[in-house]
Protein chains: 2
Amino acid sequence: MEEPTSTDTPAGCSIQASLDVLGDRWTILILRDSFRGVRRFDDFRRDLDIARPVLTERLKRLVDNGVLARHLYCERPPRYEYRLTTRGMALSPTLVALMRWGDDWLSEGAAPTVLVHEACGHPLDQQFVCWECDETFTPYDIASRPGPGSAAAH
Amino acid sequence: MEEPTSTDTPAGCSIQASLDVLGDRWTILILRDSFRGVRRFDDFRRDLDIARPVLTERLKRLVDNGVLARHLYCERPPRYEYRLTTRGMALSPTLVALMRWGDDWLSEGAAPTVLVHEACGHPLDQQFVCWECDETFTPYDIASRPGPGSAAAH
DNA sequence: TAGGTCAGTTCGGATTCTGAACCAAGTCGG
DNA sequence: CCGACTTGGTTCAGAATCCGAACTGACCTA
């Protein structure tokens, strides 16, 4: 509790930065669809039942931020599809965590979708890992401390 | 509309359910603060620089959804503080994932905060784990399939 | 008594979302 | 060639939100 009250720990700045990109509910739902393989404007629109201008704006933002990339998939009438980039794929743990929380704490009954380890087909788990101790652990065993990029510059 | 058009995997229903609770950027920032130990109305307000009515509404929603709980911490002028419940604590992996993505892909330079394994002080990692194979793996090794709660009931 | 803290509520204006209509470029059937 | 259809948008007005500023109200402290 002895934290330096208002040292303005930028502890969440990375979260804030992430939210500047992901920000709102539609964006996250678009990404969910992306992970499910949806790539085209109209497929997003139909699946999400999202207003066109909003979809346009969100896709543009995701492309601008390098989360999705616009690929030409048809020459003659130029048509583009939106695919996850490496940066976008890196959001997988976030989406998985969100989905699992919904499964565990909000769903009435069983989970609608199960994620499995592709190699063996068994359900996967998501864990915190310490490579030093070589063990997994829970949220209760986490501590935080200012990193190299903190406001130590002061 | 006639939804059964596509495969109609409700894969994201859990994500959607989660978003119904977390929904917008303020809610997530409030939770970030909660994990950092912030509990009181005015502390949230000052730290986030959020409009009061919005904070009121968001806190109420989080309490209604059992993510935060309202605890009386002062009798005489009745004052409440907002604490994470077990359900709220369970959001830790989501917040951590979001923070790490920001660290890894958005931050210029080093991460402002490092999460460590409390027991040993070494940085932690977040991984997908298969307890059958007893190994950790990446997003590329994930597959999904309809779970017991899928639309099979229809 | 005056001033301060904490946790709100009320209110009007500024954003943002939304659906409906329109546009453009190309394809297909006849 | 004509008209209908598809895909991926844009424009626009009205509705729903969000927000900051000001106010309230219960209490404490000097």
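Numbered from 1 within each chain, the chains take letters A, B, ... in sequence-line order.
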Atom [atom1] of [X] to atom [atom2] of [N]: distance rounded to whole Å?
X       : N      : atom1 : atom2 : result
A:Asp24 : D:dA16 : CG    : C1'   : 15 Å
A:Ile50 : D:dG8  : CD1   : P     : 15 Å
B:Leu72 : C:dA7  : CG    : P     : 11 Å
A:Phe41 : D:dG9  : CZ    : P     : 5 Å
B:Arg39 : C:dA7  : CZ    : C1'   : 18 Å
B:Glu81 : C:dC6  : CD    : P     : 13 Å
B:Asp49 : D:dC19 : CG    : C1'   : 11 Å
A:Arg45 : C:dA20 : CZ    : P     : 11 Å

Side chain of [X] only, please: which of [options] is the nearest?
X       : options               : answer
A:Arg79 : D:dT7, D:dG9, C:dT18  : D:dT7
B:Pro53 : D:dC18, D:dG9, C:dT10 : C:dT10
A:Tyr82 : D:dC19, C:dA7, D:dG9  : D:dG9
B:Arg52 : D:dG8, C:dA7, D:dG20  : C:dA7
A:Arg40 : D:dG20, D:dC18, D:dG8 : D:dG8

Base, sugar-phosphate or nothing for B:Arg58? Non-hydrogen atoms, less than 4.0 Å. sugar-phosphate
Need one value for B:Arg25: base, sugar-phosphate or nothing, where a base atom within 4.0 Å counts as base even if backbone is also close, heavy atoms only. nothing
[N] OP1/OP2 closer than 4.0 Å to side-chain N/O of [X]:
X       : N      : value
A:Trp26 : C:dT16 : no
B:Tyr80 : D:dA26 : no
A:Thr56 : D:dG8  : no

Shortest non-hydrogen pair, A:Ser144 vs B:Leu115, comes out as CB-CD2, 3.5 Å
B:Asp33 and B:Arg46 ion-paired at < 4.0 Å: no
B:Phe41 vs B:Arg79 side-chain heavy atoms within contact, under 4.5 Å: no
Main-chain N/O of A:Asn65 paired to A:Arg87 side chain as donor or acceptor, under 3.5 Å: yes
Within the side chain of B:Ser18, is there an N or O that forms a donor-acceptor pair under 3.5 Å with the backbone of A:Leu98? yes
